Amino acid sequence: MSLDAYFEPQTHEADIYRRWEASGAFQPSDDPARPAFTISMPPPNATGTLHLGHAVMLAIEDVMARWRRMAGDAVLWLPGTDHAAIATESVVIRKLQAEGMPDPRAALGREKLVASIADFVAQSRDRIREQVRAMGASCDWTRERYTMDPQLNRCVNAVFARMFRDGLIYRAPRIVNWDPYLQTTVSDDEIYHEERPATFYTMKYGPFEVGTSRPETKLGDTAIAVHPDDERYRAHIGKTYEVPWPKGPTITIRVVGDPHVDPEFGTGALGVTPAHSHADFDIAQRHNLPLIQIIGEDGRMTEAAGPHYAGMTVAECREAFAAELDAAGLLVEARPYSQSMSLCYRSKKAIEPLPKAQWFIDVNKPAVPWKGKTLSLRQVLRDTVDAGDIEILPEHEAKTYFHWIDNLRDWCISRQIWWGHRVPVWYRGEEDMYVGHRPPSGDPAADGWTQDPDTLDTWFSSALWTWSTLVDPDLAADPARDLRQLLAESPDFARFHPTSVMETGYDILFFWVARMILATTYATGEVPFRTVYLHGLILDKDGDKMSKSKPATCVDPLDTIAEHGADTMRLSLLLGNAPGKDLKLGKERIVGCKRLVNKIWNAAKLVQRTMDGASPADLALPEAIEHPVNRWMLGRMRQLITRIDARLAGYHFGDAAEQIRGDFWSQFCDVYLEAIKVPGLADAAETPAVVSRVFADYLKLFHPFLPFVTEHLWSALGHDGHLITASWPAAEMAHDWPAETAGVDAAARLISAVRALRAEQDLAAAAKIDLAIGVRNRDIGDVLRACGPIIERLTRAEQLVFEDASDDAEAPADAAVTLDADFIAAVRLGAADRAAEHKRLEKQLEAGRKRLAGLDKQLANENFVTRAKPEAVQRVRDEAARQREELEAVEARLATMAG
RNA sequence: AGGCCCGUAGCUCAGUUGGUUAGAGCGCUACGUUGACAUCGUAGAGGUCAGCGGUUCAAGUCCGCUCGGGCCUACCA
């Protein structure tokens, strides 16, 4: 197959992807001898579109999947989508509202609204699937999962029921983060904080003065808390006071001593509002204080706040109450204050802490069997990373993880929305409660059971993702099997769990990664994954988060794929990418990556010409390689493969890509492909085989990064099968020729030096030169001589002679000379600019002296010589000797020119 | 308030356990090519490794402080 002028991704990529998929290459090998390598794809939101976060995730995971697959593992990369409870429900509700349905929940009712959301999801899932394909992701679509699949629901319910039985799930009134706008609770992690200007009030409060930024909550106070050691208040502790509020209720407060109160802050006395503050609720728990709810779920004051204030919004009440306090002479001070507000991620509206009965996971109860002990969930979370069962990359994220664990509170898992896994708890009458997949006696409706109306936090089901996706759907359909049996009998679970690597953004370390560890250790007794690889955010070239509102700097992965191809898109996300590191992506970067694709393509054309119609199968590498340049090339490839294997194994993907690119460009293209055009190498019988082999190895090395163009070239050059399932190149230990490696390197240096000389002497390219080479390093003499024709051609030398090193000083006075540790190259210039040559040598002399002085100084330092490692000292000695020799040569040369 | 990360060439970043003359890509300058190259090649300029101090024979690398930038967490009422 002959190659077009350039690679057109648009015409090839979709077809190549279809071929891969049809070949079954995405499915793991069923050869039991192969080790399993598993990645659970973090499921994108089913209603979303592919953004750069997904793109970088897919690129990195695909590199791992393709590399391990070629290296011989049974690779399972399991794709899927997430139902994204709150996000999806609010998207659909807004859509319905835009279509003229002001209150879809009321208008449709639960069943119809849920059906309508399900429809919407089903439609948009296809879109995200196509986008994942467009990235070239080599995931196993036959095992695609969705967080709302029946067998996943089965797992959700089973885990819930077991945790309930173990006392790890409980229902209790707690202060929840209530979003009055979305009318639901949200978890601690779904909140963000924002500094807002506010007022800090100090008010008279019975016998005390108390400071607060939320005076309206004082209507619901039940205590004053002070530090137990605070002399000012010690006498009051334990006493009870009645405090009448202007136009409000008279509250009864008890004075409690609590060490959590900071005596330095404000007046040192804290009004305790148990119903509307997490902190105050904790104080109330410790001191057994009553709780009065004065703010309702609608975000308005309740009757408990008194008839005057009831019905006001919180903001209205704050203003009104402050005014009344002022009028009554109770307001001591009101000063400007910066308040940290809690806002909901989804609605961007203020969170109102209030008491509500919710389902919680107890993170402190010791009920989890782990390594022969019974630990709390919190302890297990810590142990997995502490003991090294799970490795987090970058390492410093482990600190963040521990910090999070230390501050972890019980996890509120119930939500008052309709879209999601419904809490698997059933009630009948006042007394009967059943927790499990479904009530014991068949049809719940007929038997008078009602299911809990709440749904579960999305992250509860995502927390099971690594293993619930491996549970066999048919087995899960059988209600007789319990969770243990399901796991024991599901072949994929046995084969592919724990997964190998969890690759995701560091921004969801807590949301998701930690929850997977929590739920999976509990449910399966295994860690969910061995390694966590956290990638960074993608920023625009100014370092800001990309947003559609800044189209000039925004890179849309779909546009980029359409315009430049998936290979280019992937590489631009991978180069310079390291774990945890944010990546600035500008359009320039993309252009640079596209050039590599083009370069590979063009190199292939030359390779194809060199192969001259033979197939790679015809061009088996001979046992003995003769030509030094071929030996050099194979030796270089051996070194490269070793380096790349180490980089990949260490998760340095960007670095690996960079190294392959560098060697490919500067050694394979610039040196080797130039050299094979020259007689001697060009007509060597072994050369086509070496070219074919080395280029094939490069295609393999590039494949995880640039799957499409490499796969296309693989078949265009006549290789059998698909590159995706070809075997990863092995470093051939036999391909080790030190003299050839050093010799050809020297030749390349020599060529470069002569070219520099030409440039300095301002010689036209056409200018004829005579080149005399003195070999100083006898070990590489033969190799250098063998490279003669190549040197001649690439330096455009008219005549080339080799001389012995002893002839160093014999170069004629009108020649320009380059001095190297291994060789001396003299270019006869004719009417050259001797002044320029003189100046150049002077410069070289000066630099050399400076360098030598530094080395000598180091060697004169007794401390260095005695204390440094002997190898280090020897290195410096060798270098000094070489430097001295070179200096002498330069000096001699200058003398010759003068004479 | 606490924690974490970052500061290396004009730009984006590499720099593995401290050890020769700190690298790459892009950009820039000059020259050359268009017979693998919507080009490519060659050569070149460009860095007080944020600053100060310390440990060490030796610091971009380890430690402390300062300045600058970013992120996360939080029950300062």
Side-chain angles (χ1 to χ4, degrees), chain A residues 3 5-6 175 188 192-193 200 210-214 217 225 260-262 264-267 269-273 277-283 339-340 353 394 396-397 399-400 403-404 406-407 409 506-507 509-510 537 539 541 543 575-578 580-586 588-589 591-596 598-599 601-610 646-647 650 652 654-655 658-659 661-662 665-666 669-670 673-674 677 751-752 755-760 762-766 847 850-851 854-855 858 861-869 871-873 875-876 878-880 883:
Chain A
L3 293 165
Y6 53 91
I175 302 303
D188 291 345
Y192 67 100
H193 300 274
F200 191 77
V210 158
T212 180
S213 60
R214 299 199 59 185
T217 61
H260 281 70
V261 177
D262 176 5
E264 306 293 322
F265 189 89
T267 62
L270 161 67
V272 181
T273 318
S277 153
H278 287 101
D280 293 5
F281 183 85
D282 292 345
I283 294 175
Q339 186 189 14
S340 174
H396 71 80
E397 287 291 346
K399 292 184 201 166
T400 317
H403 188 251
W404 177 80
D406 291 338
N407 293 299
R409 292 186 292 179
Y506 66 71
D507 48 337
L509 176 63
F510 307 143
L537 303 171
L539 308 172
K541 67 183 175 65
L575 281 179
N577 196 337
K581 192 117 184 140
D582 292 345
L583 188 74
K584 289 187 200 168
L585 181 66
E588 307 77 12
R589 195 189 185 88
V591 172
C593 293
K594 194 173 186 185
R595 274 188 204 160
L596 177 63
N598 190 49
K599 186 77 178 175
W601 184 262
N602 283 299
K605 287 196 269 184
L606 183 58
V607 167
Q608 193 176 40
R609 226 171 58 184
T610 308
R647 295 297 192 287
H652 301 292
D655 194 27
E658 188 75 55
Q659 301 249 355
R661 169 167 80 170
W665 210 299
S666 69
C669 292
D670 291 351
L673 287 187
E674 290 307 319
K677 296 171 183 170
I751 291 164
S752 185
R755 283 165 167 171
L757 219 141
R758 259 177 189 280
E760 259 170 74
D762 223 11
L763 287 178
K850 211 170 145 189
R851 169 99 188 98
L855 293 166
Q858 202 173 357
N861 183 341
E862 203 173 318
N863 281 323
F864 172 68
V865 179
T866 53
R867 296 197 198 185
K869 278 177 288 193
E871 313 92 82
V873 178
R875 265 204 304 274
V876 176
D878 293 349
E879 178 58 18
Q883 196 66 231

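Bear in mind that the values here come from a model prediction, so they are computed numbers and not experimental data. Proteins come first, then strands; the chains are lettered A, B, ... in the order of their sequence lines, and each starts at number 1.
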Sub-4.5 Å side-chain heavy-atom contact between [X] and [Y]:
X: A/Arg851; Y: A/Glu879; value: yes
X: A/Leu606; Y: A/Lys677; value: yes
X: A/Thr273; Y: A/Thr212; value: no
X: A/Ser277; Y: A/Thr217; value: no

Looking at every strand, decide which applies to [X] at a 4.0 Å heavy-atom threshold: base, sugar-phosphate, or nothing.
X: A/Thr273; value: nothing
X: A/Asp282; value: nothing
X: A/Thr212; value: sugar-phosphate
X: A/Leu673; value: base
X: A/Glu871; value: nothing
X: A/Glu397; value: nothing
X: A/Val607; value: nothing
X: A/Arg875; value: sugar-phosphate
X: A/Arg214; value: nothing

Is any side-chain N or O of [X] closer than 4.0 Å to OP1 or OP2 of [N]?
X: A/Asn602; N: B/A38; result: yes
X: A/Trp665; N: B/G41; result: yes
X: A/Lys399; N: B/C72; result: no
X: A/Arg409; N: B/C75; result: yes
X: A/Lys869; N: B/A58; result: no
X: A/Asn598; N: B/A38; result: yes

Between [M] and [N] - [atom1] atom distance, rounded Å:
N: B/G7; M: B/U61; atom1: P; value: 11 Å
N: B/A9; M: B/G54; atom1: P; value: 26 Å
N: B/G68; M: B/A50; atom1: C1'; value: 8 Å
N: B/C49; M: B/A59; atom1: C1'; value: 11 Å
N: B/G25; M: B/C72; atom1: C1'; value: 32 Å
N: B/G19; M: B/G23; atom1: P; value: 13 Å
N: B/G35; M: B/G27; atom1: P; value: 23 Å
N: B/G69; M: B/U8; atom1: C1'; value: 16 Å

Separation of atom [atom1] in [X] from atom [atom2] in [N], rounded to whole Å:
X: A/Ile175; N: B/C75; atom1: CD1; atom2: P; answer: 12 Å
X: A/Glu658; N: B/A24; atom1: CD; atom2: P; answer: 10 Å
X: A/Asp582; N: B/C4; atom1: CG; atom2: C1'; answer: 13 Å
X: A/Asn863; N: B/G19; atom1: CG; atom2: C1'; answer: 15 Å
X: A/Asp670; N: B/A43; atom1: CG; atom2: P; answer: 9 Å
X: A/Lys581; N: B/C5; atom1: NZ; atom2: P; answer: 12 Å
X: A/Trp601; N: B/C40; atom1: CH2; atom2: P; answer: 17 Å
X: A/His260; N: B/A77; atom1: NE2; atom2: C1'; answer: 13 Å

Given the rule that a pair is Watson-Crick or G-U wobble with both distances under 3.5 Å, how would you write RNA chain B in dot-bracket, using | for pairs to a different strand?
(((((((..((((.....[...)))).(((((.......))))).....(((((..]....))))))))))))....
Please give me the minimum heavy-atom distance between A/Gly271 and A/Asp280, naming the atom from each residue.
O-OD2, 3.5 Å
Which nucleotide in the list [options] gets nearest to the side chain of [X]?
X: A/Ser752; options: B/U42, B/C4, B/C26; result: B/U42
X: A/Asp655; options: B/G19, B/U73, B/A14; result: B/A14
X: A/Phe265; options: B/A77, B/G3, B/U20; result: B/A77
X: A/Arg755; options: B/G3, B/A77, B/U42; result: B/U42
X: A/Cys669; options: B/A36, B/A43, B/A38; result: B/A36
X: A/Arg609; options: B/U73, B/G35, B/A77; result: B/G35
X: A/Arg851; options: B/U20, B/G25, B/A77; result: B/U20
X: A/His278; options: B/C40, B/A36, B/C75; result: B/C75
X: A/His403; options: B/G19, B/G3, B/A36; result: B/G3
X: A/Ala279; options: B/A36, B/C4, B/C75; result: B/C75

To the closest 0.5 Å, what do you measure between [atom1] ([X]) and [atom2] ([Y])?
X: A/Arg595; Y: A/Arg661; atom1: CZ; atom2: CZ; answer: 10.0 Å
X: A/Phe864; Y: A/Lys869; atom1: CZ; atom2: NZ; answer: 10.5 Å
X: A/Leu3; Y: A/Arg609; atom1: CG; atom2: CZ; answer: 12.0 Å

Side chain of A/Lys605, backbone of A/Tyr6: donor and acceptor closer than 3.5 Å?
no
Tell me whether A/Asn577 contacts the main-chain N or O of A/Gly654 through its side chain, where contact means a donor paired with an acceptor under 3.5 Å.
no
So does A/Gln659 reach the base of B/A24 with its side chain, donor to acceptor, closer than 3.5 Å?
no
Students often mix this up, so state it plainly: with edges at 30° and 60°, are the rings of A/Trp404 and A/Phe510 parallel, tilted or perpendicular?
parallel
Residue whose nearest RNA chain B nucleotide is more 5′ - A/Leu606 or A/Ala578:
A/Ala578
